[in-house]
Amino acid sequence: MPYPLDAAAVRTWCGLALEALGRERERIDAINVYPVADGDTGTNLYLTLESAARAVEAAFDGHGSAGTKPDLAAAVGAMAHGALIGARGNSGTILAQLLRGMAQVLAAAPTGGSGAADALRRALRRAATAAYEAVAHPVEGTVLTVATAAADAAEQTAAGEAAEAGEAAEVARAAHQGAVKALRATPGQLAVLGQAGVVDAGGCGLVALLGALADALSGEMTAEPVAVQAGGPVPEAAGCAVTPPGADGCADPHVGGPAFEVIYLLEAGDADVARLRDRLDRLGDSLVVVGGDGLWNVHVHVDDAGAAVEAGIEAGRPYRIRITHFGAGPRAKEPALAPRAVVAVMPGAGLAALCADAGATPVTVRPGEPPASGELVQAIRQAHAREVMLLPNDPELRHTAAAAAEQARAEGVRVALIPTRSAVQGLAALAVHEPGRSFDQDMVAMTAAAGATRYAELAVAEHRSWTMAGVCQAGDVLGLIDGDVVVIGPDLARTAMTVLDRMLSAGGELVTLVLGADVPASLAEGLERHVRERHLAVDTVVYEGGAHAAPLLIGVE
């Protein structure tokens, strides 16, 4: 039985699409020959959609306390925004614009009947149009062609059975079938695809996305995988169809092209972005600028990466800048692998610096911007070790860290996921890390140290709400122990003392205090004095958490 086009369907769509891209990621990477044969289209699409799915889950979590769920507008808006801020590579940036185009129409769509079907038709058309507008020099035989064919096929259902049934599921299925047909034709439209004997990699990803949408709305799982096979086998006749780009006699993917890929988020106005497009178009190629309403994702291939970033600075405020060297020419000799390393997620520059001083590879995060699994995988690669201890330091990152560990293992790295739920547990685990021990012994010791550390956090309530400790008002100081609010207090110092007394009532030998950037040193001095006077034989250590850290983190071990 078909399902309504509502927020729940968007959530299901994200999950099914992420599964499909996860299954076919490596195969999509292998057939990536355009615009640059760097073998990462499948990975970039997966990471972009992962960011979109995480944003949708956050939208649902934000409504959980009220016993409600987000409406369709909130869900598709979150999906589009998540894709925008997490877009990776040329393909991921175009995907973000496709989702943004759909969201612009679906935000006002009814959830059922012919109205929903018609809205989906218009959403698919708007998505294709928006993607063409975002690409500086559109090329046929790419994902743009596949998106247009999907919109054409969806519109043709208006004269068929779907118009009478009024089901969005039928429209989505028609769009998927239209995309499949267009994908099969791409080798005849783009010479580089025909020479390699492959279909367009970005188009494969869109077929997966549309197949997942049709499944989500129909409630029926397709018998065949919905990704690169696209209802028929991918051509594998010649060239680099099933081998890594640049291998086995295939041409070097970057010969004759720009040396760098530059991507950044940009806060800027429409007029400034229009000037930026012109400037970047003169600097390089593969220019895609997506977004709107003051927030943009900029992607370009250039030889002068600095000039591309400077152009962004002149246009507005660029951030999350990522510069990737395509690696043309002879590779430098790889340094020898270290036997074992630690990768730790840390909130705040102070804690990240503390980890780095201890020899770990930190992943610094800002509030509300958790790392994607791809960022953790990249940190594991940068650690350049045969064995890695991964410390997520946040219960919300459990699944993300597990996915990163699994991918790193597939690349030949032995990874242990230490179940740290806070930064202070991560510090405790890092303190007992000994590379000279066996891998299993080190994992057990670090896990035990983390588990023996109770953790607390002090935060300031932003609005009136119910907690396990009662009703709090905006401005109250909340004391959370092991993730639960147990104390509501008037100020940071008195609340921290109450929290410390509760934690130390069960015993303890060492208290760790991590101060946020705006917390005075006098607070730490007062808490140290309080511990000395009230709890004999308990030592205290103090660290500066820096910007983006909580006002106060406490660990007791």
Side-chain angles (χ1 to χ4, degrees), residues 29 32-41 43-45 47-48 86-97 131-139 141-144 190-193 195-196 200-202 239-240 244-247 250-268 272-291 296-335 374-375 378 381-382:
D29 283 344
N32 171 203
V33 297
Y34 183 84
V36 175
D38 46 359
D40 63 359
T41 291
T43 299
N44 287 337
L45 288 170
L47 294 176
T48 302
R88 299 299 185 94
N90 187 76
S91 54
T93 308
I94 293 175
L95 173 59
Q97 188 72 344
Y132 269 96
E133 292 171 347
V135 178
H137 302 285
V139 174
T142 64
V143 63
L144 301 177
L190 192 56
V192 66
L193 300 179
Q195 291 167 3
D200 180 65
C240 306
C250 295
D252 188 302
H254 311 296
V255 169
F260 298 96
E261 178 185 59
V262 178
I263 305 174
Y264 49 79
L265 290 177
L266 177 71
E267 293 179 355
D272 293 319
V273 170
R275 288 190 291 270
L276 174 66
R277 288 178 191 267
D278 291 339
R279 182 170 177 184
L280 291 180
D281 197 23
R282 294 193 297 270
L283 282 175
D285 59 31
S286 296
L287 173 62
V288 185
V289 180
V290 305
W296 309 81
N297 192 305
V298 179
H299 169 280
V300 67
H301 294 171
V302 292
D303 282 319
D304 189 344
V309 175
E310 288 172 6
I313 294 173
E314 291 182 9
R317 187 179 78 87
Y319 61 103
R320 285 199 187 180
I321 300 169
R322 294 192 296 271
I323 300 175
T324 303
H325 192 286
F326 283 132
R331 289 188 177 182
K333 184 178 180 180
E334 292 284 350
E375 293 175 71
Q378 187 61 28
R381 291 171 183 152
Q382 290 173 352

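Hydrogens, waters and symmetry mates are skipped; everything else that's a heavy atom, side chains included, is used. Positions are given from 1 along the sequence. What you see is a predicted model, and the numbers here were worked out from it, not measured in a lab.
- Contact annotation: the side chain of Val298 approaches that of Leu280 to within less than 4.5 Å [non-hydrogen atoms, C-beta and beyond].
- Within the 3.5 Å criterion, the main-chain N or O of Ala268 finds a donor-acceptor partner in the side chain of Trp296.
- The shortest non-hydrogen separation linking Glu133 to Arg277 is O-NH1, 4.0 Å.
- Put simply, CD1 on Ile313 and OH on Tyr264 are 8.5 Å apart, with the number rounded to the nearest 0.5 Å.
- Annotation for Thr48 and Asn44: closest pair OG1-O, 2.8 Å, computed over non-hydrogen atoms.
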Practice item. Quick one: do Val300 and Leu283 satisfy side-chain contact (heavy atoms from CB on, under 4.5 Å)? Show the steps, please. Key: CA-CA 9 Å; Val300 67; Leu283 282 175; 5.9 Å; no
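- For the pair Ile263 and Gly89, the tightest heavy-atom approach, listed with the atom from each and the gap, is CD1-N, 3.3 Å.
- Residues Leu276 and Leu266 meet the side-chain proximity criterion, which asks for heavy atoms closer than 4.5 Å.
- Atom OG1 of Thr142 sits about 7.0 Å away from atom OH of Tyr34, to the nearest 0.5 Å.
- Shown here are the side-chain hydrogen bond (donor to acceptor under 3.5 Å, both in side chains) partners of Asp278, two or more places apart in sequence or in another chain: there are none.
- Listed by chain and residue number, nothing satisfies the side-chain hydrogen bond (donor to acceptor under 3.5 Å, both in side chains) test with Asp285 (two or more places apart in sequence, or in another chain).
- Remark: Thr41 OG1 to Asp200 CG distance equals 7.5 Å, nearest 0.5 Å.
- Taking CZ of Arg88 as the reference point, atom CZ of Arg322 lies at 4.0 Å (rounded to 0.5 Å).
- Between atom CG of residue Leu190 and atom CD of residue Gln195 there is a gap of 9.0 Å, rounded to the nearest 0.5 Å.
- Judged purely by atom type and a 3.5 angstrom limit, Asn297 has no side-chain atom pairing as donor or acceptor with the backbone of Val290.
- When the side-chain hydrogen bond (donor to acceptor under 3.5 Å, both in side chains) test is applied to Tyr319, no partner is found at least two apart in sequence or on another chain.
- Defined by atom type and a distance below 3.5 Å, a donor-acceptor pair is missing between the side-chain atoms of His301 and Asn90.
- Judged by distance alone, with hydrogens and angles left aside, the side-chain atoms of Gln97 form a donor-acceptor pair with the main-chain N or O of Gly291 at under 3.5 Å.
- Between Asp29 atom CG and Leu45 atom CG the span is 9.0 Å, to the nearest 0.5 Å.
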Check your understanding: Between Leu193 and Val33, does a side-chain contact (heavy atoms from CB on, under 4.5 Å) hold up when you go through it step by step?
Key -> CA-CA 7 Å; Leu193 300 179; Val33 297; 3.6 Å; yes
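- When all heavy atoms of Pro138 and Leu144 are compared, the closest pair comes out as CB-CD1, 3.8 Å.
- Here the shortest heavy-atom pairing between Ala259 and Asp303 reads N-OD1, 2.9 Å.
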